[in-house]
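What follows is a single structure, written as structure tokens, with notes after it.
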Amino acid sequence: MKKLYLDDMRQPPDTTWDVARSTSEAIDYIMLNGCPPYISLDYCLSGGATVMPFINWLIEEDRRQKGALIPMGFAFDSHSSAPDGKALTERVLGDYLKSRF
């Protein structure tokens with residue numbers, strides 16, 4: 001099973017993860033490989049960026065594709081140490097997934 005780890009600095013927990021260091025790398029990864037069934041997200045990225053542009057793109061692209069981008073059984077987590085960012089990530093993507101299925 002492919003898994004995507006989006007974090008600008010930390011290493012994934014083990015070698016079963018593919019890594020993206022920025023939102024643009026994560027978008028490119030999904031455009032090339034499709035959306036994996038599991039994604040782990042950091043909220044704060046380098047240069048003051050956040051994961052929100054990626055989450056917004058993922059949601060909008062899934063809507064554009066009429067639900068064909070994000071696979072059934074998709075799961076995610078936020079491994080961020082920023083409590084507010086973690087909560088926002090989980091709320092926005094979690095709410096979309098609840099309304100989608």
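Remember, predicted model here, so these are calculated numbers, not experimental data. The first residue in the sequence is number 1, and the count goes up from there.
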Problem - Lys/Arg-Asp/Glu bridge criterion (N-O < 4.0 Å) met for D42, R10 - result: yes
Exercise for the section: Give the C-alpha distance, both sets of side-chain angles, the deciding distance and a yes or no for side-chain contact (heavy atoms from CB on, under 4.5 Å) between L4 and N33. Expected result: CA-CA 11 Å; L4 181 61; N33 301 291; over 6 Å; no
Exercise for the section: Using modelled atom types only, decide if a donor and an acceptor are shared between the side chain of N56 and the backbone of M52 within a distance under 3.5 Å. Expected result: yes
Handout entry: Student check: side-chain heavy atoms of Y29 and D18 closer than 4.5 Å
Key = yes
Exercise for the section: Check whether any side-chain heavy atom of I30 sits under 4.5 Å from a side-chain heavy atom of F54, and report yes or no. Expected result: yes
Handout entry: Side chain K86, main chain S80, donor-acceptor under 3.5 Å
Key = no
Problem - Nearest-0.5 Å distance that lies between atom CG in L97 and atom CD1 in I59 - result: 7.5 Å
Handout entry: Pairwise distance OG(S78) to CG(L6) - rounded to 0.5 angstrom
Key = 10.0 Å
Handout entry: Single-linkage hydrophobic cluster Y43~F76, side-chain heavy atoms < 4.5 angstrom
Key = yes
Exercise for the section: Would you mind reporting whether S40 and P12 have side-chain heavy atoms less than 4.5 Å apart? Expected result: no
Exercise for the section: May I ask whether V92 and L45 are part of the same hydrophobic cluster, defined by side-chain heavy atoms of I, L, V, M, F, W, Y residues being less than 4.5 angstrom apart, directly or through others? Expected result: no
Fill in the blank from the handout: Residue set satisfying side chain to side chain contact (heavy atoms under 4.5 Å, CB included) with E25, at least two apart, ordered chain then number -> A20, R21, S22
Problem - Close side-chain approach of D77 and Y38, heavy atoms under 4.5 Å - result: yes
Fill in the blank from the handout: Closest non-hydrogen contact found for C35 with F74 is SG-CE1, 3.8 Å
Handout entry: Closest non-hydrogen atom pair, P37 against P71
Key = CA-CG, 4.0 Å
Problem - Residues Y96, L58; criterion side-chain contact (heavy atoms from CB on, under 4.5 Å); working and verdict - result: CA-CA 10 Å; Y96 172 70; L58 185 64; over 6 Å; no
Problem - side chain to side chain contact (heavy atoms under 4.5 Å, CB included) involving D28 - partner list, sequence neighbours excluded - result: none
Problem - L41/I55 under side-chain contact (heavy atoms from CB on, under 4.5 Å): CA gap, chis, key distance, verdict - result: CA-CA 10 Å; L41 305 159; I55 290 173; 4.2 Å; yes
Exercise for the section: Identify, with sequence neighbours excluded, every residue that meets salt bridge (charged side-chain N to carboxylate O under 4.0 Å, His left out) alongside R91. Expected result: none
Practice task
Return yes if some donor-acceptor pair links the side-chain N/O of R100 with the main-chain N/O of I70 below 3.5 Å, else return no.
Solution key: yes
Practice task
Fit a plane to each ring of Y5 and H79, take the angle between them on a 0 to 90° scale, and name the class: parallel (under 30°), tilted (30 to 60°) or perpendicular (over 60°).
Solution key: parallel
